[in-house]
Amino acid sequence: MAQLVLLPGKDRSLARRHPWIFAGIVDRLNGRARPGDTVDVVAANGRPLARAAWSPESKIRARVWTFDPDEIIDDVFFKRHVHAAVARRQAMPDLRGQDGLRLIHGESDGLPGLIVDRYGDTLVVQLTATGPEKWRRAILAALREASGCARIYERSDSDVRRLEGLEPVTGWVFGEAPAEPLVIVENGVRIGVDVVAGHKTGFYLDQRDNRLLTRELAGGRTVLNCFCYTGGFSLQALAGGATSVLSIDSSGPALSTAVDNLARNPELAADRAEWRQADVFSELRVLKSAGHRFDLIILDPPKFAPSAQHAERAARAYRDINVCAFRLLNPGGLLMTYSCSGGIRSEHFQQIVTDAAIDAGQQTRLLHRLAAPADHPVALNFSEGEYLKGLLCQVD
Ligand code: SAH
């Protein structure tokens with residue numbers, strides 16, 4: 001096995017069990033390794049530290065499989081980790097029985113570069129790094145066995161794959177495309193999931209609990225749902241008895257799925273829903289100048305800062321939409337605001353929202369901090385895993 005030697009004094013992040021080995025701390029590779037091969041990671045003095053997947057083209061030069069330098073990385077390793085991830089979810093009462101569930105959440109499930117979402121009996125797999133790419137056969141076999149699924153679709157088309165020097169790969173890798181559109185039930189609401197053309201693996205499972213909270217808060221309120229995608233928050237707001245729900249997104253296909261989703265739930269009051277294709281940044285201003293006000297506003301924008309180097313520009317964008325939203329609230333109104341940017345830490349996000357409330361001239365209090373549910377765990381040695389953070393705020 002080739003040996004990846006770190007620079008002197010550069011083993012601190014590994015000692016703290018951070019799974020990413022950046023190019024800047026690597027001295028050299030002794031021996032030969034192809035992308036995805038397992039390499040022994042050693043300190044400058046030769047002390048063994050870990051075993052990792054080699055990724056010569058990425059700034060993250062290797063991702064750690066194990067901090068036990070003697071552990072064997074083979075099919076059994078993947079089988080064990082996949083089974084453990086599935087069992088962890090089965091052990092959580094709020095996850096049991098969910099139709100849509102993240103089964104494997106990369107680094108935080110001990111499998112860097114691997115994302116797996118389950119929609120009913122369909123799995124969607126995303127291999128985002130050279131390590132999982134090399135072990136794809138073992139991973140797919142373990143997933144079939146551990147999940148009992150009927151079919152697996154591969155959605156290895158995320159941008160990060162390019163940084164690893166990998167081509168996009170998509171298609172059915174086990175079983176066949178289902179005859180009917182895929183529909184999951186999330187907390188009583190039916191939602192169509194397009195695993196082939198939808199965002200990410202088809203749906204934003206990480207907002208499941210927060211959509212449920214919206215349902216609990218929406219009764220008797222007028223609701224504005226910004227960045228609504230296929231309408232997850234909107235449908236829960238209707239289910240919770242919102243008096244009106246205006247939903248905005250810039251994507252035509254997302255909105256057309258949202259309209260279909262509403263039709264899939266005939267018990268909801270469709271006449272209370274309005275869908276608008278627009279840019280949220282400008283539409284919030286249009287609503288303000290037309291004198292509209294709302295009792296509950298949801299802001300769930302896309303990742304403005306994929307990494308820390310985009311943080312400053314992203315902060316301005318977050319501040320802008322949050323100022324606009326605060327100005328659109330009725331007295332006593334609620335703002336549910338999110339950032340899913342890995343490059344913005346939760347304290348920073350809270351500061352941005354604080355500044356926005358001050359700019360808007362609103363006396364505001366924080367009622368709840370919000371995050372992703374337990375099927376998106378955060379390994380404590382991997383703070384990047386805490387990408388989704390939300391604040392529920394109320395104005396006077
Ligand atoms: N809240 C959604 C997920 C939102 S994902 C859910 O619960 O499922 C972010 C959404 O923002 C995407 O649907 C994307 O199409 C939309 N979007 C991105 N930029 C936008 C903009 N400037 N204005 C309006 N929508 C935008």
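Ligands are counted one by one from 1 in listed order, and the atoms in each one are counted from 1 as well.
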What protein heavy atom lies closest to [atom]? Include the residue and the distance to one decimal.
atom	value
atom 1 (N) of ligand 1	D300 OD2, 2.6 Å
atom 23 (N) of ligand 1	V280 N, 2.9 Å
atom 18 (C) of ligand 1	P302 CG, 3.4 Å
atom 10 (C) of ligand 1	D249 OD2, 3.4 Å
atom 4 (C) of ligand 1	F227 O, 3.2 Å

Quick check on contacts: which atoms of ligand 1 are under 4.0 angstrom from a heavy atom of [X]?
X	value
A278	23 (N), 24 (C)
H199	12 (C), 13 (O), 14 (C), 15 (O)
S251	15 (O)
Y229	2 (C), 3 (C), 4 (C), 8 (O), 13 (O)
F233	1 (N), 7 (O)
Y204	3 (C), 5 (S), 8 (O)

Ignoring hydrogens and geometry beyond distance, is a side-chain donor-acceptor pair present between [X] and [Y] at under 3.5 Å?
X	Y	answer
T257	T230	no
D206	Y387	yes
Q236	R215	yes
Q3	R28	no
N322	R319	no

Below 3.5 Å, N or O to N or O, backbone or side chain included: is there any such pair between [X] and ligand 1?
X	result
D279	yes
T230	no
Q207	no
I248	no
A254	no

request  = Just do the ring-ring contact (aromatic ring centres under 6.0 Å, His included) check on H18 and F382 with the steps written out, would you?
outcome  = CA-CA 6 Å; H18 195 283; F382 182 65; 5.5 Å; yes
message = Is the distance between the ring centroids of H199 and Y229 under 6.0 Å?
response = yes
Among D109, D117, D375, the one residue meeting salt bridge (charged side-chain N to carboxylate O under 4.0 Å, His left out) with R102 =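 Of all the options given, the one that passes is D117.
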key: Side-chain touch L335/L299, heavy atoms, less than 4.5 angstrom   =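 Contact flag for L335/L299 side chains = yes.
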query = For ligand 1, is any non-hydrogen atom under 4.0 Å from C226's backbone (N, CA, C, O), its side chain (CB onward), both, or neither?
reply =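 Neither; nothing of C226 gets under 4.0 Å from ligand 1.
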task = Among F77, W65, W54, find the one that has a side chain to side chain contact (heavy atoms under 4.5 Å, CB included) with T38.
result =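 Exactly one option meets the side chain to side chain contact (heavy atoms under 4.5 Å, CB included) with T38, and it is W65.
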message = Heavy atoms only: which of G198, A317, S250 lies closest to atom 25 (N) of ligand 1?
response =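 Of the listed residues, S250 has the closest heavy atom.
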Option with minimal heavy-atom separation from atom 6 (C) of ligand 1, where the choices are R211, R208, K303 =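 The option holding the nearest heavy atom is R211.
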query = Between F294 and R221, is there a cation-pi geometry (under 6.0 Å to ring centre, at most 45° from the normal)?
reply = no
ask   = Which of parallel (below 30°), tilted (30 to 60°) and perpendicular (above 60°) describes F227 and F281?
value =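 Answer is perpendicular, since the angle exceeds 60°.
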